[in-house]
There are 2 protein chains.
Amino acid sequence: MSVSKAKAPDLTAPSSTVPADERRQLSNFLCFAVYSANLAFGRAYKPILDKLGLTYTQYIALVALSEGDDLTVGALGEKLFLESNTLTPILKKLETTGYLQRRRDPADERQVRVSLLPAGRKLLDKIPAASVVDATGLGEDFPEVQKSVTKLRDNLLRATQGRSGRASADDDRKSGT
Amino acid sequence: MSVSKAKAPDLTAPSSTVPADERRQLSNFLCFAVYSANLAFGRAYKPILDKLGLTYTQYIALVALSEGDDLTVGALGEKLFLESNTLTPILKKLETTGYLQRRRDPADERQVRVSLLPAGRKLLDKIPAASVVDATGLGEDFPEVQKSVTKLRDNLLRATQGRSGRASADDDRKSGT
DNA sequence: TGCGATTTAATCGTATGCGATCTATATAGG
DNA sequence: CCTATATAGATCGCATACGATTAAATCGCA
């Protein structure tokens, strides 16, 4: 917990002459903006994913696998910022639907390697994410907002000392794009 | 924060010379940035809220009530972008812990009015949200990011036609009832 | 006035997230 | 070689989110 930077703007803590009750507004909470934006994304994706019988979490799990296959559950969890207790049931379901494969690593039977199957790849190509991009209404600001939010996430995780996800350091190869 | 403002490489950009697999990277997904930032916020708040025996959702519910009391479940839901099926159990729990009060509106027995109790107000004053603000590491960019994300949320909800929340622009219509 | 349509919460079932714990496997030391 | 420790997933329990449905109250309108 570092020093508060020069200006700790709004949100919650500006020492001001107004009573706490009035400073403490949801509209000043970045965490609430993110929380509610996440709900909004879920609702925007729902009609699309429903048609394919996928949930949002299943979807991002498939996307993560499409860019790096044969990951262990732990490695996949680092990409997604999720633990095995969350991932295991999701991966099992995606396995039964035939989108991916789970295998114990022969070299280390503790690990489970997860691979996308052709059906999974095919499915991803069917998802018209463009419509959701459109729905963001951000236009050319899209990349900038994405970058800010990603940075926000990384800062928060760093400050929280990877309390529940060790995901520190190296995984962050700057989203160069 | 004005950074490269080139083009929107976004996430789904259809026209490109690269294969779909390579464009489809989590690092290009704004929805994933928001999703994971939300998880990160939850982890940042957890140690603070745990000490007070609150969950994050309970916390924002109390905050919402602190800025406008005696709301119906529906009105509170509009503020929080949640439905009664999510709110009811949360409010019941906050009632049993003595932080708020739930009463059927005598004028319309269908509605339940929710009010913060002194214990709830007192609790809110104890929450050191400043440390989380600090953990965002955004410094002076904080308000800007908050604004962008809020706008993003509102755009998404509008595009989704308030599928589950009619909360759009003028809620007055609603509360005016 | 009477009754179906509408509204508001609440209930139910499913799918996450996550802390705590358990199991199986691998590794280190003696 | 054999056990103590560590590691990776999986299991369990609790707390959201949310679609679908239900129950109760109110409203609309002939």
Side-chain angles (χ1 to χ4, degrees), chain A residues 35-36 38-47 49-50 53-61 71-78 80-97 102-114 160 162-166, chain B residues 35-36 38-47 49-50 53-61 71-78 80-97 102-114 160 162-166 173-175 177:
Chain A
Y35 167 83
S36 51
N38 183 49
L39 294 182
F41 260 124
R43 289 167 199 174
Y45 267 108
K46 188 132 216 310
L49 295 177
D50 271 354
L54 283 182
T55 65
Y56 179 74
T57 311
Q58 289 168 1
Y59 170 49
I60 60 166
L71 296 175
T72 64
V73 172
L76 181 58
E78 278 190 17
L80 299 178
F81 305 99
L82 294 173
E83 304 292 323
S84 71
N85 52 6
T86 299
L87 278 176
T88 296
I90 293 169
L91 295 176
K92 280 186 175 178
K93 171 154 295 191
L94 288 173
E95 184 179 41
T96 67
T97 54
R102 291 165 65 249
R103 284 172 305 184
R104 287 280 165 187
D105 186 331
D108 185 343
E109 293 280 345
R110 290 172 303 180
Q111 300 186 333
V112 168
R113 299 251 167 212
V114 186
T160 316
R163 287 172 49 76
S164 73
R166 62 241 299 96
Chain B
Y35 167 83
S36 51
N38 183 48
L39 295 182
F41 260 123
R43 290 168 199 174
Y45 267 108
K46 187 135 215 312
L49 295 177
D50 271 354
L54 282 182
T55 64
Y56 178 73
T57 311
Q58 289 169 359
Y59 170 50
I60 60 165
L71 296 174
T72 65
V73 172
L76 181 59
E78 278 190 15
L80 299 177
F81 304 98
L82 294 173
E83 304 292 324
S84 71
N85 53 7
T86 299
L87 278 176
T88 296
I90 293 169
L91 296 176
K92 281 186 175 178
K93 170 154 295 192
L94 288 173
E95 184 180 40
T96 67
T97 54
R102 290 165 66 250
R103 285 171 305 183
R104 287 281 165 185
D105 185 332
D108 184 344
E109 292 281 345
R110 290 173 303 184
Q111 300 185 334
V112 168
R113 300 250 166 215
V114 186
T160 315
R163 285 171 48 77
S164 70
R166 67 261 280 114
R173 176 188 196 299
K174 192 59 198 222
S175 47
T177 323

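In what follows, every chain begins at residue 1, and chains take the letters A, B, ... in the order their sequences are listed. Source: prediction; values computed, not measured.
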Contacts of [X] that satisfy side-chain hydrogen bond (donor to acceptor under 3.5 Å, both in side chains) - sequence neighbours left out:
X: B/E95; answer: B/R102
X: A/N85; answer: none
X: A/R104; answer: none
X: A/D108; answer: A/R110

Evaluate side chain to side chain contact (heavy atoms under 4.5 Å, CB included) for B/L80 paired with B/I60, printing each intermediate quantity in order.
CA-CA 8 Å; B/L80 299 177; B/I60 60 165; 4.1 Å; yes
For [X] and [N], what is the distance between atoms [atom1] and [atom2] respectively, to the nearest whole Å?
X: A/R103; N: D/dG9; atom1: CZ; atom2: C1'; result: 17 Å
X: B/E95; N: C/dA9; atom1: CD; atom2: C1'; result: 14 Å
X: B/R113; N: C/dT8; atom1: CZ; atom2: P; result: 11 Å

Intermediate values then yes/no, side chain to side chain contact (heavy atoms under 4.5 Å, CB included), A/L39 and B/L82
CA-CA 9 Å; A/L39 294 182; B/L82 294 173; 3.8 Å; yes
Spell out protein contact along nucleotides 10-17 of chain D as letters: B when the base is contacted, S when just the sugar-phosphate is, - when no protein heavy atom is under 4.0 Å; keep the 5' to 3' order.
BBB--SSB
List for me each residue that meets side chain to side chain contact (heavy atoms under 4.5 Å, CB included) alongside B/T55, sequence neighbours excluded, and say none if there are none.
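For B/T55 the side chain to side chain contact (heavy atoms under 4.5 Å, CB included) partners, ignoring immediate neighbours, are B/T57, B/Q58.
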Taking only nitrogen or oxygen atoms into account, show me every contact under 3.5 Å that the protein makes with nucleotides 24-29 of chain D, one pair per line with its distance.
residue : atom : partner : partner atom : Å
D/dT26  : OP1  : B/E109  : N            : 3.4

Applying side chain to side chain contact (heavy atoms under 4.5 Å, CB included) to B/V73 and B/L91, what does each step give before you reach the verdict?
CA-CA 9 Å; B/V73 172; B/L91 296 176; 4.0 Å; yes
